[in-house]
Amino acid sequence: GVICGAVEYRGGSRRQAFETIEEKVRKNTRAVLETSRDGQIAPREAALALARKRIEAAMRLRRWV
């Protein structure tokens, strides 16, 4: 919903919204599976590690840490 709203806010069409969503899902799935393989950890653990890394980066950017 957030991705779709962001695309629509920029004037994008429904088709563009779905293409953006598909691109982001593929990119994130690939990142999780690569992290899982490289670290020899379960995909769930890899997803949590990536999420934590992204949140920490966003917090540093906003000087919350």
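All figures in this text were calculated on a predicted structure; none of them were measured in a lab.
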Distance, nearest 0.5 Å, that separates [atom1] of [X] from [atom2] of [Y]:
X: Ile3; Y: Phe18; atom1: CD1; atom2: CZ; value: 11.5 Å
X: Leu61; Y: Glu56; atom1: CG; atom2: CD; value: 13.5 Å
X: Ile55; Y: Leu50; atom1: CD1; atom2: CG; value: 11.0 Å

Under a 3.5 Å distance rule, please check whether [X] uses its side chain to pair with a backbone N or O of [Y] as donor and acceptor.
X: Glu8; Y: Gly5; result: no
X: Arg52; Y: Leu48; result: no
X: Ser36; Y: Val32; result: no

TODO: May I have all residue pairs that pass side-chain hydrogen bond (donor to acceptor under 3.5 Å, both in side chains) and include part of residues 19-29, sequence neighbours excluded?
DONE: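 Passing the test, one end in residues 19-29: Arg15-Glu19, Glu22-Arg26, Asn28-Arg54.
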Open item on the list: Holding to side chain to side chain contact (heavy atoms under 4.5 Å, CB included), I want the full list of residues that pass it with Arg10, two or more places apart in sequence or in another chain.
Closed with: Ala6, Val7
